[in-house]
Amino acid sequence: MNEGEFDPSGDRAVSSELAGVLPVEFTAFHSQQHRAYLRYAHLQLGSPKDAEEVVDDVFTFLLKVWRQALKEASLHGFAWAVLREHVERRLTVLGRQVAMVETAWFAALRRSSRERLELLESKLGLYAAIAGLSERQYDVVLLAFLLGNDCDTVARMMGISPATVRSHIRGARRTLSRKLGVDWIPGEEKDQ
């Protein structure tokens with residue numbers, strides 16, 4: 001996937017007026033995570049507008065509880081849980097399921113030529129299988145493979161260790177290979 005594929009609005013930094021009033025750590029965290037959170041929310045919700053609103057809500061909430069958030073065992077893990085909760089809440093309000101299958105498939109379709117349409121149909125099955133993974137495996141697969149982050153970045157974003165990310169990738173590959181009827185080759189995840 002292209003870097004900006006699930007990035008409907010690009011980076012949005014904290015305005016310079018606000019940056020002077022907000023805690024420095026919050027401004028830095030916002031700068032580091034905003035784009036990734038926006039891409040994840042867009043993939044889940046399928047709408048740039050919904051993704052932007054949810055991510056704005058997430059950072060507004062985090063700002064309100066910032067002092068307490070800094071005391072959490074993992075700031076990144078706490079913030080990731082807040083993002084997931086806000087995305088799930090928005091899906092409930094909209095009365096929709098996760099849009100990842102359609103969002104990823106249509107993005108791939110936009111990039112493809114007619115010769116590749118047959119391959120894309122098989123990707124639709126892959127995306128549907130990914131949607132059936134456990135919560136942690138699903139997030140790791142989306143962040144690592146659909147959004148193109150390396151293991152260390154995924155680990156930092158989710159507040160888990162790189163070893164745990166690799167473990168989730170191995171489990172996801174085994175599950176996906178079983179669901180899709182393809183052979184899983186142990187050791188493939190070392191390229192991540």
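Every value quoted in this text rests on a predicted model; they were computed, and no experiment measured them. What you see below is based on every heavy atom in this structure, not just the backbone, and it leaves out hydrogens, waters and symmetry mates.
Between Phe29 and Tyr37, the angle of the ring planes goes over 60°, which puts this pair in the perpendicular group of the 30/60° scheme.
At least one donor-acceptor pair closer than 3.5 Å links the side chain of Ser177 to the backbone N or O of Arg173. With hydrogens and angles disregarded, a donor-acceptor distance shorter than 3.5 Å links the side chain of His86 to the backbone of Val82.
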Test log, rule side-chain hydrogen bond (donor to acceptor under 3.5 Å, both in side chains), inputs Gln44 and Tyr138 | CA-CA 11 Å; Gln44 298 292 74; Tyr138 175 83; 2.5 Å; yes
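Annotation: the span from Leu22 atom CG to Thr27 atom OG1 amounts to 4.5 Å, rounded to 0.5 Å. Atoms CG and CG, on Leu147 and Asp139 in that order, are 10.5 Å from each other to the nearest 0.5 Å. The CD1 atom of Ile160 sits 9.5 Å away from the CH2 atom of Trp80 when rounded to the nearest 0.5 Å. We find the OG-CD distance between Ser47 and Glu52 to be 8.5 Å, quoted to the nearest 0.5 Å. Remark: Leu43 CG to Arg39 CZ distance equals 9.0 Å, nearest 0.5 Å. In this structure, CE on Met157 lies 7.5 Å from CG on Leu83, to the nearest 0.5 angstrom.
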Which atom pairs, one a donor and one an acceptor, fall under 3.5 Å between side chains of residues 130-137 and the rest of the protein, sequence neighbours left out?
| unit_1 | atom_1 | unit_2 | atom_2 | d |
| --- | --- | --- | --- | --- |
| Ser134 | OG | Gln137 | N | 3.4 |
| Glu135 | OE2 | Arg84 | NE | 3.4 |

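Counting only residues at least two apart or in different chains, side chain to side chain donor-acceptor pair (under 3.5 Å) contacts with residues 60-74 are absent.
Of all the heavy atoms in Cys151 and Val165, the pair that sits closest is SG-CG1, 3.7 Å. Of all heavy-atom pairs between Ala155 and Pro162, the closest is CB-N, 3.5 Å.
With sequence neighbours left out, the side-chain hydrogen bond (donor to acceptor under 3.5 Å, both in side chains) criterion links Gln32 to no other residue. For Thr153, the side-chain hydrogen bond (donor to acceptor under 3.5 Å, both in side chains) partners are Asp150, not counting sequence neighbours. For the ring-ring contact (aromatic ring centres under 6.0 Å, His included) test, no residue two or more places apart in sequence or in another chain qualifies with Phe78. Take Arg90 and apply the side chain to side chain contact (heavy atoms under 4.5 Å, CB included) test, not counting sequence neighbours, and it matches Leu45, Asp50, Glu53, Val54, Asp57, Leu94.
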